Amino acid sequence: MRFLRALLLPLALAAALFGAAAPAYALQPLSIDQADDAIDLTNAVERPLGQADRIQVATTPGPDGITRRIEVRADRHGDGRQWAVFVLTNNGDEQIDRLVVAPRYRFVGSGALWPDLGEQRIENVTASQGIRPDRQDSEDSDIFRITVDPGATVTYVMELTSSKLPQLTLWEPEAFKERVNSFTLYRGILLGIGGLLALILTIVFVVKGSVMFPAAAALAWAVLFYLGVDFSFWRRVLDLAPETDRLLRAASEAAFSATLLVFLFAYLNLNRWHVRYVHVMGAWLVFLVALIGLAAYDAPVAAGIARLSLLAVAAAGFGVIVWLVMKGYDRAVMLAPTWLLLVFWVAAAGIAVTGGVQNELVAPALVGGLVLIVLLIGFTVMQHAFAGGAILQGAVSDIERRALAITGAGDFVWDWDVENDRIHVSHDLEHLLGFRRGELESSPLEWLEVVHGHDRDRFRAALDALLEERRGRLTETFRLRGEDGHYVWFQLRARPVVGADGEVVRCVGTLLDVNTARTTEERLLQNAVTDNLTGLPNRELFLDRVEAAFAFAREDIGIKPAVLVLDIDRYKKINETVGVATGDTILITVVRRLSRLLKPQDTLARLGGDQFGILLPSEREPATVVAFCETVKRALKAPIAFGDRELVLTCSIGLTPPDLAKDLTAEEAMRDAEIAMYHAKRLGGDHLETFRASMRAASTDRLLIGGELHRALERNEMKVFYQPIVRLDDRSIAGFEALLRWDHSRYGRRPPSEFIAIAEESGLIAEIGLFALEEAATQLARWQAEVPGEPPLFMSVNVSSRQFLQQDIVQDVANVIARAGLAHGSLKIELTESLVMENPEHAAQMLTRLRELGAGLSLDDFGTGHSSLAYLQRFPFDVLKIDKSFVRPKGGGPRPILLASIVRLAQDLGMEVVAEGVETDSDAVELFHLGCEYAQGYAFGEAMASEACDRMLGLATPGVARRMVQGALRRW
C-alpha cells in the first residue's frame with residue numbers, strides 16, 4: 001500500500017518518530033510550461049537512498065516559506081529498494097497535464113555485454129500534493145499521468161523496481177500520442193517491407209532450389225522476426241506476457257547472427273574453397289543455435305554473446321569477401337558493397353548500444369538501415385538468380401502468374417465456398433485488421449459481424465443476387481471492422497463459379513483497400529458544407545438550416561427562430577499585427593467561446609473571414625434573444641493571452657428578431673441581419689442592432705457598401721476591365737485603360753461612381769488602387785509578350801487623390817514595374833486635373849519621381865477644372881486626355897472651339913492627345929482632322945474583360961498576327 005504523509009513537526013520530533021530513517025532530500029524545482037512538448041528528466045532526478053520499505057524527502061519551500069517533509073512507503077517490500085525524486089513547478093495560470101514516460105527497453109545505451117533487455121522500471125509515483133499520479137496502460141513503457149496545478153510546486157517520488165533507469169521523459173499527452181503514432185506508422189512500413197521481402201525470397205526459393213535462396217529467405221525471416229520483437233508485434237499477435245520480450249530479443253539477435261552466417265557461407269559457396277571453412281562455419285552455427293536455447297535461461301548473457309558474434313561475422317565476412325574479390329570471384333564482387341554497408345551498420349549499432357549516441361531517432365534509423373541492408377541482399381540474390389537463368393521465361397503457369405500478380409498488386413484474396421458455407425481471406429487482410437491468423441475464416445453469417453452495421457444489408461443483398469443470377473460480376477464497397485474497433489473501407493470484386501449442375505459452387509475475387517480514396521471523398525464532401533479552419537457549417541449549410549428552421553416555425557407557432565450575424569471589430573488590423581497563424585488561433589478561440597453559449601438546437605456557422613452566423617431557435621422571446629446577444633459580447637471581451645500580450649475582442653451584432661424572421665426566406669433574414677450588423681459597425685463597433693424595416697431601403701446605400709467593401713478583395717469580387725484606346729490614323733489598338741468593377745455577390749455589378757468615393761473615405765482606396773495597379777501591370781506584361789510591336793502596347797491606370805498623396809505610391813509603382821518587366825513608359829499613371837492642382841508643388845515632385853522610375857504620366861479630364869497653363873508646363877505629362885464634354889457637347893451641338901485649341905496646346909507641349917467619349921465613326925474622323933492621335937469610347941469598344949480583349953488582339957486564334965487585327969479594325 002502506498003501513502004503520502006506530510007510532516008509538519010520539527011526535525012527532532014520526526015527523527016524520534018521514525019528512528020534511523022534515511023536523511024531527507026530537497027531538490028531544485030524544474031519549471032514546466034504549456035508550450036513544452038517533451039522534457040528529458042533522465043539527468044534531472046535525484047537517486048536518494050531510503051530504507052527497505054520507505055523514504056523521506058523534504059519538499060521545496062512553499063509560498064509560505066515552509067519546507068515540508070513527506071514519507072513514502074514502498075508498495076512491495078524487499079532489500080535494496082530504489083528511489084528517484086524530481087520536483088516540478090507550474091508558474092503559469094493554467095493546470096498542466098503531463099505524462100512521465102520510462103521505456104522498459106531502450107536500444108541506445110543497452111550495452112554490448114550483458115545488455116539491458118528491458119524490464120519494468122517504475123513501480124509507483126507519489127506526488128507531494130495535488131492529483132494522484134495515474135498509471136497508463138502500456139506494454140512497452142511505464143507511463144504515469146501527472147497534473148500540476150497553477151502556481152504549484154510538486155515533489156514526485158518514484159519507486160523503482162531496479163537500479164536501471166535508462167530514460168525518463170516528461171511528455172505533453174498529445175505530443176506523445178503523435179510520437180507513438182508516427183513510430184507505429186514507421187514500424188508498420190518496415191514490417192510490410194520486411195514481410196514482402198521474406199515472401200518474395202521464399203517464392204524464389206520454391207521456384208529455384210539453389211542453397212543460396214533458402215539461406216537468403218531464412219535471413220529475411222530472421223530480420224522480420226527481429227522487427228516483430230522490436231516492435232512488440234509477436235507479443236501482441238500471440239498474446240504473450242511482457243516478460244517474454246527479454247527472451248524474444250535475445251533469441252532474435254542470435255537468430256539474425258546465425259542466419260547471416262549461413263547466408264554468407266551459402267552465397268559465397270565457401271565449401272568450394274577449403275573444407276576448413278565448412279568446419280568453422282558448422283561449429284560457429286551450432287554455437288549460435290545453442291545461444292537461442294541459452295536465451296531461455298539467461299537472456300542478457302545470450303544477447304551479449306549474440307552481439308559479439310554479429311560483430312565477428314561482419315568483420316570475418318568482410319575479410320573473406322575482400323580476399324575473394326581480389327581473386328575475381330563474381331559473387332563476392334556483387335556482395336561487397338552491401339557487406340561494406342553492413343559493416344558500417346554494425347559499427348553504428350555498437351556505438352549506439354555502448355551509449356556513444358543518445359538521440360532517440362538512432363534506434364529507428366538503425367532498424368530502417370537493417371531492412372535496407374536485407375533488401376539489398378535480396379536484390380543481390382535476385383540479380384544473381386535472373387542473371388544465371390534461375391527463373392526461365394515460360395516456366396511459370398498462368399495460375400502462378402495470377403497469384404504473383406495479386407501479391408504484387410497488394411490485393412487480398414476473398415473466397416466464398418458456397419457448398420461448405422465458408423469464407424476464406426488472405427492472412428494479410430487479417431494482419432491489416434489486427435486479427436489472429438484464421439480468425440476471419442468463418443461462415444458468411446459470422447463474417448458479416450465484421451462488416452459495418454450500415455453496410456450489412458446491402459452486402460447480404462449483393463451476395464444473394466449473385467447466387468440467384470449465377471453470372472455477372474460483383475463490385476461492392478463496404479467497411480470492415482478491425483480488432484481495435486476502427487473501420488477500413490474495402491472494395492470487393494468477385495464473380496461466381498458455376499458447377500456442372502448449374503449451381504454456384506463458390507464466389508472468388510479480391511478485396512482492395514480503398515480507405516484512402518473514400519476518406520478523401522468524404523473530406524471533399526465535408527469541405528463543401530463546412531469551414532476548413534473551424535469545422536463549422538459554412539454559409540450554404542447555414543442558409544439551409546435557417547430555411548429548415550423557418551419551415552418548422554410556420555408549422556409550429558411555438559418555434560420562433562432568430563438569426564444573428566456577428567462580425568469581429570477591427571479583425572483585419574489584428575490579423576496584420578499578430579500574423580495569420582495567430583489570427584486563426586484567435587478565430588478558433590472565438591468559436592469555442594460562442595459554442596459554450598449555444599444549446600443543442602442552436603447553430604453556429606462561419607460565414608466568411610471574421611463573420612459568424614447564429615441560428616437561435618432556443619430563445620423565443622425578443623428580450624431573451626437580446627440578453628443572449630449581450631452574453632455573447634461579454635464572452636468575447638474576456639482577454640485572450642498570446643505570448644506576453646493580451647487581446648480584448650469586441651464584436652458588432654446584427655439581429656433579425658423572431659417576430660420578423662418567421663415571415664422571411666433564409667436569404668432575406670440573413671440579408672436583414674447583415675444590414676443591421678453594418679449599422680452596428682457604423683456606430684463604432686461593440687454594438688447590437690436589431691433590424692428595422694427602415695433599414696432595408698439602405699441595402700445599396702453608402703452604409704452597406706462601406707461595410708462590405710473591405711471584404712470585396714477577399715472574396716475576389718473586385719474585377720479589372722479594360723477599354724481599348726486606338727490610333728485614329730489606322731484604327732489599330734494602341735493600349736487600354738484599366739477600369740475597376742465590383743461584382744457584388746448579391747447586388748450585381750456596381751459602378752465605380754458608387755464605391756470609389758466611399759473607399760476613399762474609409763481608407764480602403766490605397767489597397768484597392770494597388771490591386772488594380774498590379775492586375776493591370778500583369779495583364780499588360782502578358783499582352784506585350786504575346787503581341788510585340790513598336791511602340792509597345794500601353795496601359796493607363798487611374799490613381800485617386802488619397803492614393804497619390806501617400807508617400808509609398810512611388811515605391812508601389814516601382815515594385816509593380818520591376819515585377820512585371822514592362823517596357824519603359826508603357827504603364828501610364830492617370831491623374832485628374834483637379835487632383836494635380838490641389839497641391840501643384842507636391843504634385844510636381846511626385847510626378848518627377850514617377851517619371852524617373854519609367855512610368856508614363858497621363859493628365860485626365862483636362863479643361864474641366866481651373867487650369868493653370870504655367871503649372872501645366874512644369875508637369876512632365878506624356879499624355880493629355882480630353883474630357884468627353886468637349887468631344888460630345890450636351891444637346892448634340894457643334895464641338896467647342898476650345899477642342900482644337902487644346903489639341904494644339906498639347907502638341908506644342910510635346911504631349912500625345914487622347915479623346916474620351918468617342919461614340920460614332922464621324923466623331924473619330926473629325927477628331928483625326930483636328931490632330932488628335934488617340935481616342936477611346938463606345939465606337940471602339942466598352943470596358944471589357946481580358947478574354948474579350950484577347951479576341952480583339954487576335955490572341956483567341958493562335959497564329960493571328962497584330963497586323964491582321966489592325967487591318968480588321970480599319971475595315972470595320
Side-chain angles (χ1 to χ4, degrees), residues 184-185 188 191-192 195-196 199 236-237 399 402-530:
T184 301
L185 176 61
L191 274 175
L196 183 61
L199 180 63
R236 294 188 177 95
V237 172
I399 296 178
R402 294 186 180 185
L404 291 174
I406 292 174
T407 302
D411 292 358
F412 307 104
V413 176
W414 185 86
D415 178 19
W416 178 21
D417 187 350
V418 178
E419 292 184 341
N420 297 320
D421 201 28
R422 300 287 295 179
I423 291 180
H424 305 272
V425 295
S426 300
H427 298 307
D428 292 339
L429 176 62
E430 297 172 329
H431 170 67
L432 175 65
L433 296 176
F435 291 106
R436 293 188 297 273
R437 188 182 182 92
E439 193 169 351
L440 287 182
E441 295 185 0
S442 58
S443 65
L445 185 61
E446 296 173 342
W447 206 79
L448 281 176
E449 295 298 324
V450 188
V451 180
H452 195 282
H454 293 166
D455 302 333
R456 288 174 187 169
D457 292 339
R458 177 166 47 84
F459 183 73
R460 186 187 295 109
L463 293 183
D464 293 341
L466 198 64
L467 293 180
E468 293 176 2
E469 296 292 335
R470 300 185 182 88
R471 58 187 175 84
R473 291 180 180 271
L474 170 66
T475 301
E476 196 66 39
T477 304
F478 54 89
R479 288 161 287 184
L480 293 179
R481 174 179 51 82
E483 180 65 21
D484 57 358
H486 77 284
Y487 285 90
V488 181
W489 282 96
F490 289 92
Q491 184 182 68
L492 173 63
R493 292 177 293 183
R495 63 186 306 173
V497 178
V498 181
D501 57 355
E503 297 295 329
V504 177
V505 296
R506 67 190 322 121
C507 293
V508 293
T510 59
L511 283 169
L512 178 64
D513 185 352
V514 295
N515 196 65
T516 302
R518 287 303 296 257
T519 302
T520 303
E521 179 182 347
E522 291 175 357
R523 186 180 298 113
L524 290 174
L525 292 175
Q526 181 75 7
N527 292 341
V529 294
T530 59

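What you see is a predicted model, and the numbers here were worked out from it, not measured in a lab. Throughout, residue positions are numbered sequentially from 1 according to the sequence presented.
For Ala462, the side-chain contact (heavy atoms from CB on, under 4.5 Å) partners two or more places apart in sequence, or in a different chain, are Leu474, Glu476. Residues that satisfy the side-chain contact (heavy atoms from CB on, under 4.5 Å) test with Thr477, not counting sequence neighbours, are Trp489, Gln491, Val514, Arg518. The ring-ring contact (aromatic ring centres under 6.0 Å, His included) test applied to Phe478 returns Phe459, not counting sequence neighbours. Listed by chain and residue number, nothing satisfies the salt bridge (Lys or Arg N to Asp or Glu O under 4.0 Å) test with Asp417 (two or more places apart in sequence, or in another chain). Checked against salt bridge (Lys or Arg N to Asp or Glu O under 4.0 Å), Arg493 has the following partners two or more places apart in sequence or in another chain: Asp411. Take Arg481 and apply the side chain to side chain donor-acceptor pair (under 3.5 Å) test, not counting sequence neighbours, and it matches no residue. Evaluation of the side chain to side chain donor-acceptor pair (under 3.5 Å) rule for His486 yields Asp484 as partners, not counting sequence neighbours. Residues forming a side chain to side chain donor-acceptor pair (under 3.5 Å) with Asp455 (at least two apart in sequence, or on another chain): Arg458, Arg479. In this structure, the side-chain contact (heavy atoms from CB on, under 4.5 Å) partners of Arg456, at least two apart in sequence or on a different chain, are Glu449, Val451.
Residue Phe412 is tested with Leu432, Leu512, Leu492, Val425 for a side-chain contact (heavy atoms from CB on, under 4.5 Å); the sole match is Leu432.
Side-chain contact check for Leu433 versus Phe490: some heavy-atom pair is nearer than 4.5 Å.
Interatomic distance, Leu448 CG to Leu480 CG, rounded to the nearest 0.5 Å: 10.0 Å.
Here the closest non-hydrogen pair linking Trp414 and Cys507 is CZ3-O, 3.8 Å.
The neighbour count for Arg495 CZ, taken as heavy atoms of other residues, nucleotides or ligands under 6.0 Å away, does not exceed 12.
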